[in-house]
Number of protein chains: 2
Amino acid sequence: MAKPRSGPYICGIDAALDVVSGKWKGLILWELDTYDVRRFAELRRGLPGVSEKMLTQHLREMEQDGLVHREVYAEVPPRVEYSLTEHGRSLNAALGPLGRWGMDRIARERTELVEHRDAEILPRPS
Amino acid sequence: MAKPRSGPYICGIDAALDVVSGKWKGLILWELDTYDVRRFAELRRGLPGVSEKMLTQHLREMEQDGLVHREVYAEVPPRVEYSLTEHGRSLNAALGPLGRWGMDRIARERTELVEHRDAEILPRPS
DNA sequence: CAGAATCCATCACGATACTG
DNA sequence: CAGTATCGTGATGGATTCTG
């Protein structure tokens, strides 16, 4: 089970996307990068709409991919803390420009209705 | 149809990943960036294993997302050329660091059997 | 050549219930 | 609290066939 890898990667983008392809992985990365350390319930609260199963699953995969570190405390009220590994941090850094691009895209979408806004591309299909 | 997703994004990463999340989109981007202009069959050859359906589907979505430009020539042997828009180019630029990260990951995986792997850059013997 | 259409397999994702 | 187990579903991806 786990992950049927996409076999031999053709390029770096491919390999990287394989690791972040999951509905919540981007957000998990963001959350862990922002807060440094987070507990299971905290992450869950930070990702509105995620189910425990998906959160666990994604966390496990990311742990296996060496992105996330999982620290378990053998206490009476169980406590588990998640944080990014060096590897995970470097991924996040590499994701920086993409994040900014995404922000621009969001901004663009907000003004997409204004047709005067953009004169450069706008392919007009007739 | 196309994409019912794209709810309100929580962060830029989320928005960007939504656009490149597809089995071949990363490769398509890479291919179009490398060759500048590509025909349908060329793209198909460049993406070993892709089906026509998926290629068409991905291309259409990317066109709709404003990443790809589709130029149709009304000739007897039909010819369609795909290229990146400005928007697509900027995405690719933003994808650069991620691609390099992915390359590192591939390299790392090659030496993954060495559990001692640390801050060391071993030249690949062989 | 560049696709559209159809059918089919798989899997990512989710809801719910149970546990140490 | 932090999971695990099970089941169900729609989206995603693929093989094949047909067309302008």
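For the numbers below, each heavy atom of this structure counts, side chains included, while hydrogens, waters and symmetry mates do not. Lettering of chains follows the sequences in order, A, B, ..., and the numbering in each one begins at 1.
When the side chain to side chain contact (heavy atoms under 4.5 Å, CB included) test is applied to Glu86(A), the partners found at least two apart in sequence or on another chain are Arg89(A). For Leu17(A), the side chain to side chain contact (heavy atoms under 4.5 Å, CB included) partners at least two apart in sequence or on another chain are Ile13(A), Val20(A), Leu17(B), Val20(B), Leu98(B). Residues satisfying the side chain to side chain contact (heavy atoms under 4.5 Å, CB included) test with Val76(A), not counting sequence neighbours, are none. Glu71(B) is linked by a side-chain hydrogen bond (donor to acceptor under 3.5 Å, both in side chains) to His69(B), counting only residues two or more places apart in sequence or in another chain.
For the pair Lys25(B) NZ and dG13(D) P, the interatomic distance rounds to 8 Å; values are reported in whole Å. Rounded to whole angstrom, the span from the CD atom of Glu71(B) across to the P atom of dG3(C) amounts to 12 Å. Rounded to whole Å, atom C1' of dG3(D) lies 16 Å from atom CD of Glu61(A). Here the P atom of nucleotide dA2(D) and the CD atom of Gln57(A) are 19 Å apart, to the nearest Å. Rounded to a whole Å, the NZ atom of Lys23(B) is 9 Å from the C1' atom of dG14(D). Atom-to-atom, CG of Leu59(A) to P of dG3(D) comes out at 7 Å; the value is rounded to the nearest Å. For Arg60(A) and dA12(C), the CZ to P distance is 17 Å, given to the nearest whole Å.
Phosphate proximity of dT12(D) to His58(B): absent, as no side-chain N or O sits under 4.0 Å from OP1 or OP2. Not one side-chain nitrogen or oxygen of Trp24(B) sits closer than 4.0 Å to the OP1 or OP2 atom of dT12(D). A sub-4.0 Å separation between OP1 or OP2 of dG3(D) and a side-chain N or O of Arg70(A) is present.
Of the residues in residues 35-56 of chain B, Glu52(B), Lys53(B), Met54(B) come within less than 4.0 Å of DNA chain D through at least one heavy atom, sorted by number.
Within 4.0 Å (heavy atoms only), Pro78(B) reaches at least one base atom of the nucleic acid. As judged by a 4.0 angstrom heavy-atom cut-off over every strand, Tyr82(B) is placed among residues touching the sugar-phosphate backbone only.
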Give every donor-acceptor pair under 3.5 Å between a side-chain atom in residues 28-37 of chain A and any protein atom, sequence neighbours left out.
from	atom 1	to	atom 2	distance (Å)
Glu31(A)	OE2	Arg38(A)	NH1	3.0
Thr34(A)	OG1	Trp30(A)	O	2.7

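Other residues, nucleotides and ligands contribute at most 12 non-hydrogen atoms within 6.0 Å of the CE atom of Met103(A).
Ion pair Glu81(A)/Arg79(A) flagged as a salt bridge, since at least one NZ, NE, NH1 or NH2 atom sits closer than 4.0 Å to an Asp/Glu carboxylate oxygen.
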